[in-house]
Amino acid sequence: MAEPLVLAEKLEGGVGLLRLNRPKVLNALNVDLMKELAERVQEMERDPEVGCLVLTGNGRAFAAGADIQEMAGKSPVDMELSEPFASWETIYRCKKPIIAAVHGYALGGGLELAMMCDIIVAAEDAQLGQPEIKLGVIPGAGGTQRLPRAVGKSAAMEMVLTGEAISAERALQLGLVSQVTAPEVLLEEALRLARSIAEKPPVAVRMAKEAILSAYETTLAEGLRWERRAFYFLFASQDQKEGMAAFLERRPPQFKGR
Ligand code: CAA
């Protein structure tokens, strides 16, 4: 049987670990890999025991981009009909938080995939970039939209127009990643964050994720209205009653996800 293109594992503490698994081609994201990834994400999304996902690479990269070999000879109509990026939407639409643990190359579609996740943690050796311009194209899976929102116009223009990658340290300064770790503790740190999220009340976690994402998609006024409705809605949850009662009774809360 062929090796899975994505290795999926359920870990202690409500964490789902997903590992891109085409190390020989630096986890180049071909259509089959992205379909498998979307399926594994959906399975973890349905699993009530999983509260947070971690997505990482295998070998010496997170992912060096969409598969150039697969794309090179395509016509525009081939691209339009096969919709290679359709399955990528599943990752962005996942209701549970996803942490990207990035080491080595995160280029092109690799960086775009990391940016579809909710938190990016990078190893000191990470190189993050949008090199598509060097291939005669532009980022096609969100790079021109999510990158400027993450790092601002000037840095995004520089990265997309030169195609040059930035270091993990620079990505931290720009706010593209939330922290930088030594390579050997990257996964450990991502899993620690994931466990910390997975132990929180799941309904509030889902609302918080959706509210923050709405900050990128709506006006400030609409986002604030959405946040307030979600805040009020959470008072209908058992977990809100439990969380506040536990605080007042000075005991740890027992959340049920209801
Ligand atoms: N697609 C297909 N294969 C890839 C690949 C990609 N994006 N990136 C690397 N590979 C393959 C190489 O062809 C090579 O395979 P072989 O051993 O069979 O020749 C293998 O991975 C190892 O790569 P290198 O020998 O090139 O390794 P290196 O250490 O010398 O260089 C690198 C590493 C700088 C990342 C270089 O591989 C590279 O520049 N890769 C392409 C990066 C890129 O342009 N990404 C953007 C793709 S387009 C895109 O992503 C569009 C979008 O917006 C969705």
Side-chain angles (χ1 to χ4, degrees), residues 2-7 18-38 41 55-94 98 100-117 120 122-151 155-171 176-177 183 186 216:
E3 214 9 38
L5 300 172
V6 176
L7 305 172
L18 298 170
R19 200 184 274 278
L20 306 171
N21 190 36
R22 295 184 78 205
K24 284 190 188 137
V25 285
L26 307 178
N27 303 317
L29 305 167
N30 65 5
V31 168
D32 289 345
L33 181 150
M34 289 308 296
K35 278 193 187 144
E36 266 190 48
L37 180 61
V41 166
L55 174 62
T56 195
N58 206 359
R60 62 187 175 101
F62 175 74
D67 192 317
I68 300 171
Q69 183 84 42
E70 191 178 61
M71 279 184 303
K74 293 259 157 80
S75 74
V77 177
D78 293 336
M79 293 298 272
E80 189 214 344
L81 285 177
S82 65
E83 282 269 35
F85 300 140
S87 53
W88 296 53
E89 284 289 304
T90 310
I91 289 96
Y92 178 60
R93 296 280 160 225
C94 177
I98 309 182
V102 170
H103 72 284
Y105 299 109
L107 300 177
L111 178 54
E112 291 169 301
L113 177 60
M115 289 192 292
M116 285 180 193
C117 299
I120 308 178
E124 283 155 359
D125 67 357
Q127 293 184 49
L128 306 98
Q130 298 286 170
E132 291 88 344
I133 201 88
K134 298 182 194 168
L135 302 170
V137 288
I138 65 169
T144 65
Q145 304 304 303
R146 293 198 176 100
L147 191 60
R149 282 167 171 79
V151 304
M157 283 285 186
E158 193 177 309
M159 288 172 69
V160 171
L161 297 179
T162 66
E164 285 169 19
I166 59 170
S167 67
E169 204 49 48
R170 177 91 178 113
L176 178 58
V177 308
L186 172 73
Y216 291 93

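Note that ligands are numbered from 1 as they come in the structure, with each ligand's atoms numbered from 1 the same way. On a predicted model such as this, the values are computed, not experimentally measured, just so you know. Along the sequence shown, residues are numbered consecutively beginning with 1.
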Original post:
Between Q69 and ligand 1, does any nitrogen or oxygen pair lie at a separation below 3.5 Å?
Top reply: no

Subject >> Heavy atom of the protein closest to atom 1 (N) of ligand 1 (residue, atom name, distance) >> reply: I68 N, 2.9 Å

**OP:** Quick one: pull up OH in Y216 and CZ in R146 and give me the separation to the nearest 0.5 Å.
**Re:** 10.5 Å

Original post:
Any idea which protein heavy atom is nearest atom 39 (O) of ligand 1, and the distance to it?
Top reply: L107 CD1, 4.9 Å

Subject >> Side chains of L33 and N21 in contact at under 4.5 Å (non-hydrogen atoms) >> reply: no

Original post:
Quick check: are there more than 12 heavy atoms from other residues, nucleotides or ligands sitting under 6.0 Å from CD of E158?
Top reply: no

Subject >> Heavy atom of Q130, distance to ligand 1 below 4.0 Å >> reply: no

Original post:
Is atom 12 (C) of ligand 1 in close reach of the protein, with a heavy atom under 4.0 Å away?
Top reply: no

**OP:** Please work out which of L135, L29, V137 has its closest non-hydrogen atom nearest to atom 48 (S) of ligand 1.
**Re:** L135

Original post:
Got I91 and L37 here, is their nearest side-chain heavy-atom distance under 4.5 Å?
Top reply: yes

Original post:
Heavy-atom distance under 4.5 Å between the side chains of V177 and L128, does that happen here?
Top reply: yes

Original post:
Touching ligand 1 at all, R60? Heavy atoms, strictly under 4.0 Å?
Top reply: yes

Original post:
Which distance, rounded to the nearest 0.5 Å, do you find between the CD of E164 and the CD1 of I133?
Top reply: 12.0 Å

Original post:
Closest approach of E112 and G143, non-hydrogen atoms and distance?
Top reply: OE2-N, 2.8 Å

**OP:** Using a 4.0 Å heavy-atom cut-off, say whether A28 meets ligand 1 through its side chain, its backbone, both or neither.
**Re:** side chain

Subject >> Atoms of ligand 1 close to F85 [distance to a heavy atom under 4.0 angstrom, numbered from 1] >> reply: 54 (C)

**OP:** Measure the CD-CD1 distance between E132 and I138 for me, rounded to the nearest 0.5 Å.
**Re:** 8.5 Å

Subject >> H103 to N58 - nearest heavy-atom pair and separation >> reply: CE1-N, 4.4 Å

**OP:** Report the nearest protein non-hydrogen atom to atom 31 (O) of ligand 1: residue, atom name, distance rounded to 0.1 Å.
**Re:** Y105 OH, 4.2 Å

Original post:
How about atom 29 (O) of ligand 1: does it have a protein heavy atom within less than 4.0 Å?
Top reply: yes

Subject >> Sub-4.5 Å side-chain heavy-atom contact between P4 and E36 >> reply: yes

Subject >> Nearest-option assignment for atom 43 (C) of ligand 1, heavy atoms, candidates G65, A64, A63, G108 >> reply: A64

Subject >> Enumerated ligand 1 atoms positioned under 4.0 Å from heavy atoms of P139 >> reply: 53 (O)

Subject >> Is_contact(atom 45 (N) of ligand 1), protein non-hydrogen, under 4.0 Å >> reply: yes

Subject >> ligand 1 contact by G140, heavy-atom criterion under 4.0 angstrom >> reply: yes

Original post:
Any side-chain heavy atom of I68 within less than 4.5 Å of one from L135?
Top reply: yes

Subject >> G109 N/O to ligand 1 N/O under 3.5 Å >> reply: yes

Original post:
Nearest protein heavy atom to atom 53 (O) of ligand 1: under 4.0 Å?
Top reply: yes

**OP:** Classify the contact between K24 and ligand 1 as side chain, backbone, both or neither, using a heavy-atom distance cut-off of under 4.0 Å.
**Re:** backbone

Original post:
Hey, is atom 8 (N) of ligand 1 under 4.0 Å from any protein heavy atom?
Top reply: yes

Original post:
Is there side-chain contact between R22 and D67, with heavy atoms separated by less than 4.5 Å?
Top reply: yes

Original post:
Nearest to atom 18 (O) of ligand 1, what protein heavy atom do you find, and at what distance?
Top reply: V25 CG1, 4.7 Å

Original post:
Which of the atoms in ligand 1, numbered in the order shown and given with their element, are less than 4.0 Å from a heavy-atom of E112?
Top reply: 52 (C), 53 (O), 54 (C)

Subject >> Which of the ligand 1 atoms, numbered from 1, are nearer than 4.0 Å to a heavy atom of E132 >> reply: 48 (S), 49 (C), 50 (O), 51 (C), 52 (C), 53 (O)

**OP:** Please identify which atoms of ligand 1 are closer than 4.0 Å to at least one heavy atom of P131.
**Re:** 43 (C), 44 (O), 45 (N), 46 (C)

Original post:
Which protein heavy atom lies closest to atom 37 (O) of ligand 1, and at what distance to 0.1 Å?
Top reply: L26 CD1, 3.8 Å

Original post:
Can you tell me how far CZ of F62 sits from CG of L29, rounded to the nearest 0.5 angstrom?
Top reply: 8.0 Å

**OP:** Could you grab the distance from atom OG1 of T144 to atom CE of M157, nearest 0.5 Å is fine?
**Re:** 9.5 Å

Original post:
For atom 47 (C) of ligand 1, what's the nearest protein heavy atom and its distance?
Top reply: A66 O, 3.7 Å

**OP:** For the residue pair M34 and S87, establish whether any side-chain heavy-atom pair is separated by less than 4.5 Å.
**Re:** yes

